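Encoded as structure tokens, the structure appears first; notes follow it.
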Amino acid sequence: MINITLPDGSIKKVKRGTSAMDIAISISEGLARNVISASINGEVWDTNRPINEDCSLTLHTWKDQEGKKTFWHSSAHIMAEALEALYPGVKLGIGPAIDTGFYYDVDLGKHLLSSEELPKIEKKMKELISKKVTFQRKDISKSEAISYYSKKGDEYKLELLEDLEDGKITFYTQGNFTDLCKGPHITSTEKIKAVKLLNIAGAYWRGDENRKQLTRIYGISFPKQKELTEYLELLEEAKKRDHRKLGKEMNLFTFSKKVGQGLPLWLPKGTQLREKLENFLKKAQTEAGYLPVITPHIGNKDLYVCSGHYEKYGEDSFHPIKTPNNQEEFLLKPMNCPHHCEIYKAKQYSYKELPVRFAEFGTVYRYEQSGELHGLTRVRGFTQDDAHLFVRPDQVKQEFTAVINLVLYVFNALGFKDYKAQISLRDTTNKEKYIGSNKNWEKAEGAIIEAAEEKGLTTVIEYGEAAFYGPKLDFMVKDALGREWQLGTIQVDYNLPERFELEYTDANNKKQRPVMIHRAPFGSMERFVAILIEHCGGNFPLWLAPDQYIILPISEKYHDYAQKVSEFLKKYDICGRIDERAETTGRKIRDAEVSKSPYIIIVGEREEKEEKISVRKHGGKDLGSISFFEFKDLIKKEINNLTQFTN
Ligand SMILES: [Zn+2]
Ligand SMILES: [Zn+2]
């Protein structure tokens, strides 16, 4: 008999050779129907694989990411089978599951695959799925595997085999298709009820630009047809909200090949938006006791050797900058923290002076492969709304709570309502790999959990996910389309204070190490603006809208009056523009709607005579004819409701 520990801590005694599926059946029939794979001591397995030792077991269904990945990876195998049937001689690279769906990188020889062929492949997949075949796992020796792929003539799999250890190699077979694969897979193709191939892209073999470009085919599959339909609708909506598309239409940012890939250029409207975001946070930070600092965009290489960032970013990122002086090298700043540590060191601190909070909108540079670049979400230069708090160990909780307040304030003002806190703690079984004293870790972990609890946050605790240098809290935020983003990380750090030998003097006049907390509510301005654009579909909250209003004079005669309205509003920091084109009012209203300005103001003869304006809200609600003052108050009130910060 062996002992299986379930997630609730209960232990099942079962016969050696029992499978995860057997255990699911023993729990409930419904669970057995839905189980896709299982984690055995943290490793994801097929549900029918015999378990021969004591272990911990978690069952995965479609609701878990692990379950989805098993499902999607199996779908990738079926796509490969379909490709082999339709394109004899196709060679296969890798075909993993991704966060949403799966892909396979394939070499179709001279054939240039077009997206028109996707339905044909999809049809073949459906045919294969309907045969309800099972996935079979088989241990195979390295020499047998090499012989299999030599015969098949697939140099990609042969190359992958080179890195694998004999005795640990497995093949999976379904129908007429066999793949080199460590699994896991679904038990039978019949679980797949809907499949869609989405698009084609080029992908260099092993991500290496000097090697052959393969064809990457993306797809997705579901256990229910309805789920595919909903997913495709969501995809359609996401396309409409794509920040790259809206960013262009709304004149927010651009990219230039001449300037360089992944280096965004902010246009005046986008800069205005970004500055409003920065000012909004700066104001709240000032109220919360942060001190602004400014540091250069480069730093001596030694600084990053000291911080450990050179080891992390040096080789795979921008290389050091040389100067006429052979002795020195500089790095483009990959992180702001080392600079802030040196600012801390510029002065001696007593325990009474802590916490010290340095804040900077600091621009950092990290090299990303060109294939990884994506609009504003993956760039090579970005500005973090960074701050570093230097605190005494007994202040961790109070400071953590204050940072949570600040993050929630940001979310509220920007309309993010659905979020949870993910707390990353130490691996409870292996505490040696972490830097910092056990006592401090316990204190910090307890403080984070308590702070999250006191704020009433929905919390998920992940053991073993903490960085080696400290526990952290991330906010997982759902946008309007239900996609999850990681925002607002708060990270405790025992490492940098050690490396930089940071100190303060305690009440007994002894030197002590402060604890450092890194935090960035937005994360980076670039990524945050991208998320925000897609979350609100370009309809920014009033206080952020680049044009809070557009005035439409019904003819040229009223341009002066429109000017007068605009000047009045400007005095109250309410910004917008006048549409002076000689178009019909109907056309101007339609254009104003497209530009997503929150308020449209129409002025004509009656308005001028009565010293009023006719106002309609974006989306069509008519507010009728009101005075300048009424309009100003209305806007001010709407903005205040959203951006009031109380620490
Ligand atoms: Zn596989
Ligand atoms: Zn930092």
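Below, all heavy atoms of this structure are taken into account, side chains as well, without hydrogens, waters or symmetry copies. Not measured: the values here are computed from a predicted model. Just follow the structure's listing: the first ligand is 1, and inside any ligand the first atom is 1.
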Which of these passes side-chain contact (heavy atoms from CB on, under 4.5 Å) with Leu473: Thr459, Val492, Ile404, Thr489?
Ile404
Sole residue of Leu228, Ile129, Leu197, Val195 in side-chain contact (heavy atoms from CB on, under 4.5 Å) with Ser221
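Output: one option passes, namely Val195.
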What angle, to the nearest 10°, do the atoms NE2 (His73) and SG (Cys181) form about the Zn ion (ligand 1)?
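Value, to the nearest 10 degrees: 100°.
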Write the atom name of the N, O or S atom in His518 that is nearest the Zn ion (ligand 2).
ND1
With rounding to 10 degrees, what does the angle Cys337:SG / the Zn ion (ligand 2) / His388:NE2 come to?
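Cys337 SG and His388 NE2 form an angle of 100° at the Zn ion (ligand 2).
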Ring centre gap for Phe71 and Phe102 strictly below 6.0 Å:
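Centroid distance Phe71-Phe102: not below 6.0 Å, so no.
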Please examine the side chains of Val106 and Leu83, heavy atoms only from C-beta on, and report whether any two atoms are closer than 4.5 Å.
yes
